[in-house]
Amino acid sequence: MLQQLPTAAIPFRFDSWSEYEAHVSDMLHTRVIDDSSEIRWDVRPVNCVGPVEMRICDGMSSLEDISAITVLTQCLVHDMSMSLEAGYKIPVMTVWHRVENKWRAARYGLDAIIIHNAQGDEMLVTDHLRNEVKRLAPVVEQLGRQEELQGIIRLIERGVGYQIQRQIFATTGGDFQAVVKDNVARMNMCKRTKRV
């Protein structure tokens with residue numbers, strides 16, 4: 001239902017910051033929103049927390065997963081920023097490619113075959129992620145966050161939250177409490193590891 005709102009889901013494309021500001025201004029003027037924080041796109045600029053907020057992965061089940069996705073996002077933003085500053089244009093896929101990829105990711109998770117470029121070429125999402133981790137190696141080295149970015153590879157190899165939850169559910173004969181206990185244990189394990 002929220003996908004239908006103009007303030008939710010995949011953001012509109014803006015070719016400049018001034019276009020984005022004009023859009024926000026129009027939404028404020030027409031009272032679609034009372035404040036820019038009411039724009040809840042999957043990815044959005046947010047002045048109060050930093051340049052980019054990536055909201056599409058809400059609800060991850062461990063701090064390690066959160067850290068890996070955060071650093072991947074940071075590397076992508078840094079890489080695009082450096083490209084723009086060097087005078088290059090960021091390749092942009094058509095709207096329907098982006099919408100289709102979101103659907104495929106939501107439906108198939110890490111088994112999704114995504115459209116990975118404007119030409120419409122497809123690739124298994126895990127292969128694309130592995131390629132991106134390799135491609136971003138110089139960027140992550142500049143940021144000093146190599147270990148966290150390698151968390152993306154660990155996610156692929158061990159499975160992400162939904163895969164682990166399904167496995168526990170199946171091996172315990174459908175015990176939802178076992179699933180919740182495992183989630184809590186994995187989150188607490190990450191907290192203990194961070195303290196050491």
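Numbers here simply count residues along the sequence, with the first being 1.
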> Which heavy atom in I66 sits nearest to a heavy atom in T70, and how many Å separate them?
Replying inline: O-OG1, 2.7 Å

> Any idea which heavy atoms bring C75 and V139 closest together, and the distance?
Replying inline: O-CG1, 3.6 Å

>> Give me the atom names and distance for the closest heavy-atom approach of P11 to D42.
In response: CD-N, 4.4 Å

> Rounded to the nearest 0.5 Å, what separation is found between the CD atom of E157 and the OG1 atom of T126?
Replying inline: 10.5 Å

> Linking I/L/V/M/F/W/Y whenever their side-chain heavy atoms sit closer than 4.5 Å, directly or via other members, would I152 and Y162 fall into one cluster?
Replying inline: yes

> Can you tell me how far the OG atom of S81 sits from the CD1 atom of I90, to the nearest 0.5 Å?
Replying inline: 8.0 Å

> Are V24 and F12 connected in the hydrophobic side-chain network, where two residues link if heavy atoms are under 4.5 Å apart?
Replying inline: yes

> Which value, rounded to the nearest 0.5 Å, describes the distance between H128 atom NE2 and I115 atom CD1?
Replying inline: 12.0 Å

> Just by modelled atom types, is the I114 backbone N or O under 3.5 Å from a matching donor or acceptor in the N101 side chain?
Replying inline: no

> Is there a side chain to side chain contact (heavy atoms under 4.5 Å, CB included) between E122 and I113 once you walk through the steps?
Replying inline: CA-CA 6 Å; E122 296 177 306; I113 296 172; 3.7 Å; yes

> Would you find more than 12 non-hydrogen atoms of other residues, nucleotides or ligands less than 6.0 Å from E141 atom CD?
Replying inline: no

> Just by modelled atom types, is the D34 backbone N or O under 3.5 Å from a matching donor or acceptor in the E38 side chain?
Replying inline: yes

> Between the side chain of R104 and the main-chain N/O of A112, is any donor-acceptor distance below 3.5 Å?
Replying inline: no

> Between I10 and V99, what is the shortest heavy-atom contact and its length?
Replying inline: CD1-CA, 3.6 Å

> Linking I/L/V/M/F/W/Y whenever their side-chain heavy atoms sit closer than 4.5 Å, directly or via other members, would L110 and Y108 fall into one cluster?
Replying inline: no

> Going through the distances and angles, do H116 and M93 end up as a side chain to side chain contact (heavy atoms under 4.5 Å, CB included)?
Replying inline: CA-CA 8 Å; H116 72 93; M93 297 191 327; 5.9 Å; no

>> Closer than 3.5 angstrom, by distance alone: can the side chain of D65 be matched with the main-chain N or O of A68 as a donor-acceptor pair?
In response: no

>> Using 0.5 Å steps for rounding, measure from the CD atom of E147 to the CD atom of Q150.
In response: 7.0 Å

> Should the ring pair H23 and W41 be called parallel, tilted or perpendicular, given that the plane angle runs from 0 to 90° and is split at 30 and 60?
Replying inline: tilted

>> Taking I39's backbone N and O only, do any of them form a donor-acceptor pair with R44's side chain (distance below 3.5 Å, no angle check)?
In response: yes

> In terms of ring plane angle, is the pair W17 and Y20 parallel, tilted or perpendicular, where the classes change at 30° and 60°?
Replying inline: tilted

> Does any N or O in the side chain of Q167 come within less than 3.5 Å of the main-chain N or O of Q163, such that one atom is a donor and the other an acceptor?
Replying inline: no

>> Within the supplied structure, the quantity of interest is the number of heavy atoms (other residues, nucleotides, ligands) at a distance under 6.0 Å from L84 CG; does it exceed 12?
In response: yes

>> If you count every heavy atom of other residues, nucleotides or ligands that lies below 6.0 Å from R158 atom CZ, does the total exceed 12?
In response: yes

> If two hydrophobic side chains count as joined below 4.5 Å and joins carry through other members, does Y88 share a cluster with V92?
Replying inline: no

>> Measuring from atom CG of L63 to atom CZ of R186, what distance do you get when rounded to the nearest 0.5 angstrom?
In response: 11.0 Å

> Does F169 sit in a hydrophobic cluster with other residues, and if so which ones, taking ILVMFWY side chains as linked at heavy-atom separations under 4.5 Å, directly or through other members?
Replying inline: I164, I168, F176, V179

> Taking all non-hydrogen atoms of both residues, which atom of N117 and which atom of H97 are closest, and how far apart?
Replying inline: O-ND1, 3.9 Å

> Are D175 and K181 close enough, and set up right, to give a side chain to side chain contact (heavy atoms under 4.5 Å, CB included), and what steps lead you there?
Replying inline: CA-CA 10 Å; D175 184 353; K181 286 178 183 176; over 6 Å; no

> Do V95 and R98 have side-chain heavy atoms sitting under 4.5 Å apart?
Replying inline: yes

> Taking it one step at a time, do H78 and Q142 satisfy side chain to side chain donor-acceptor pair (under 3.5 Å)?
Replying inline: CA-CA 10 Å; H78 191 70; Q142 284 180 358; 3.1 Å; yes

> Mind checking whether V71 and Q146 have side chains closer than 4.5 Å, heavy atoms only?
Replying inline: no

>> Quick check against the 3.5 Å criterion: does T30 have a side-chain atom that pairs as donor or acceptor with the backbone of D26?
In response: yes

>> Evaluate E64 against R154 for side chain to side chain contact (heavy atoms under 4.5 Å, CB included), listing each step before the verdict.
In response: CA-CA 10 Å; E64 181 182 6; R154 289 190 294 275; 2.7 Å; yes

> At what distance, to the nearest 0.5 angstrom, does CG of L76 lie from CZ of R135?
Replying inline: 6.5 Å

> In this structure, which one of I153, V140, I156 forms a side chain to side chain contact (heavy atoms under 4.5 Å, CB included) with V133?
Replying inline: I153

